[in-house]
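Read the numbers this way: they start at 1 and go in the same order the structure lists the ligands and their atoms. Side-chain atoms are counted along with the backbone in the values below, which use heavy atoms only and exclude waters and symmetry mates.
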Amino acid sequence: MKIKLNPKSQIVVLTGAGVSAESGLKTFRDNNGLWENHRVEDVATPEAFRQFPELVWKFYKDRYFQLAQVKPNPAHVALVELENFLGDNFNLITQNVDGLHFKAGNKNVIEMHGSLYECFCSDCNNRFLMKDIDLDLEIPVCSKCRGYLRPDIVWFGEIPYHLNRIQQIMSKLDLFLVIGTSGIVYPAAQLLPIAKSCGAHTVGINLEEPANLLYLDDFYKGLSGEILPDLVKQWIGKV
Ligand code: APR
């Protein structure tokens, strides 16, 4: 369908690991979902942190250090263009913890699975920036109570952040755009059917068919860094 947006159009975008793939970050379910022979799910749970905190910290430290080397790709930049056109009518929900949407210049961003740039104490809940803690320690500790710090990541079995805000923005939308997510992790995967049931037009861009494909009105198969910039230009009438 040909879409033309005006600055009053209400848009919600949901992104997943695929939108950062062209920046050089691996998606979760690459390599058969394995990291150094561990299932990703096994290093991303509260139970794993209780049993093997060094291993879990190694996983997240590696990912945090990688961020210094990556920059936003054309898909991130296109989303900034979309926000510049729509202002507060643009909302971006991301499952990514890499901060690349902020680095690109987006402002209305909800990081529902947390952020690699932060951590908090598993005992007293004090919060810290990763750059301010001693990452040479195998398990960084809280400077207030000496408890173990943990990355500020929503692990499997934990409740995603900002669900109230997400519910609010999902209640009024014309277009729902979902990019680079396999559509298998809930509750994020539920947002597409919710958007559809609210009457929004739904558009997806993904390298392969996502699990919740049937809720998409338009599906573009391929690289988001190649597809999205042109799509945004068409939508905002720049071509
Ligand atoms: N452009 C578009 N899509 C891409 C690209 C690309 N350049 N590269 C990969 N993809 C697609 C893959 O085909 C895959 O369907 O992105 C999707 C990424 O899926 P996952 O690796 O499952 O990542 P995501 O859906 O974000 O995972 C959700 O699961 O592990 C947890 O909390 C973690 O936030 C994560 C959540």
Side-chain angles (χ1 to χ4, degrees), residues 12-36 38-49 56 59-60 62-64 66-67 70-79 92-102 104 109-118 150-163 166 176-193 202-216 218-232:
V12 175
V13 183
L14 172 69
T15 61
V19 81
S20 296
E22 288 155 82
S23 294
L25 294 176
K26 279 201 161 55
T27 60
F28 283 92
R29 287 156 187 93
D30 275 346
N31 300 329
N32 302 321
L34 293 182
W35 170 77
E36 298 195 352
H38 303 283
R39 285 173 55 224
V40 169
E41 286 80 355
D42 290 344
V43 282
T45 64
E47 293 74 23
F49 185 67
V56 173
F59 176 67
Y60 285 102
D62 284 358
R63 297 184 57 209
Y64 172 68
Q66 220 188 346
L67 296 183
V70 297
K71 50 183 199 321
N73 67 56
H76 295 103
V77 175
L79 291 173
L92 172 51
I93 303 168
T94 187
Q95 299 167 84
N96 299 342
V97 293
D98 56 35
L100 281 175
H101 290 303
F102 284 120
V109 182
I110 297 173
E111 292 181 311
M112 70 181 294
H113 288 172
S115 167
L116 274 174
Y117 286 95
E118 293 184 36
R150 58 162 277 182
D152 188 14
I153 303 292
V154 175
W155 285 326
F156 288 97
E158 296 184 319
I159 299 172
Y161 292 148
H162 313 298
L163 291 181
I166 290 173
F176 185 79
L177 169 63
V178 53
I179 309 166
T181 172
S182 49
I184 58 176
V185 174
Y186 284 77
Q190 192 65 38
L191 297 179
L192 172 58
T202 56
V203 179
I205 304 172
N206 213 53
L207 206 48
E208 59 197 8
E209 294 187 351
N212 48 12
L213 176 76
L214 80 156
Y215 299 102
L216 288 172
D218 305 329
F219 176 57
Y220 297 87
K221 190 170 182 169
L223 301 172
S224 51
E226 290 181 358
I227 295 169
L228 188 62
D230 288 343
L231 216 51
V232 166

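In terms of the side chain to side chain donor-acceptor pair (under 3.5 Å) criterion, residue partners of Q95 (sequence neighbours excluded) are, by chain and number, T181.
Relative ring orientation between F49 and W155 is described as tilted, the plane-to-plane angle lying within the 30° to 60° band.
Protein residues having at least one heavy atom under 4.0 Å from any atom of ligand 1 are G16, A17, G18, A21, E22, T27, F28, R29, Q95, H113, F156, G180, T181, S182, V185, N206, L207, E208, G222, L223, S224, listed by chain and number.
Between the side chains of D230 and Y220, not a single donor N or O lies within less than 3.5 Å of an accepting N or O. Under 3.5 Å, the side chains of S23 and N73 contain a donor-acceptor pair of N or O atoms.
Two residues are said to be in side-chain contact when any heavy atoms from C-beta on lie closer than 4.5 Å; P160 and L163 meet this criterion.
Between the T202 side chain and the Y215 main chain, a donor and an acceptor come within less than 3.5 Å of each other.
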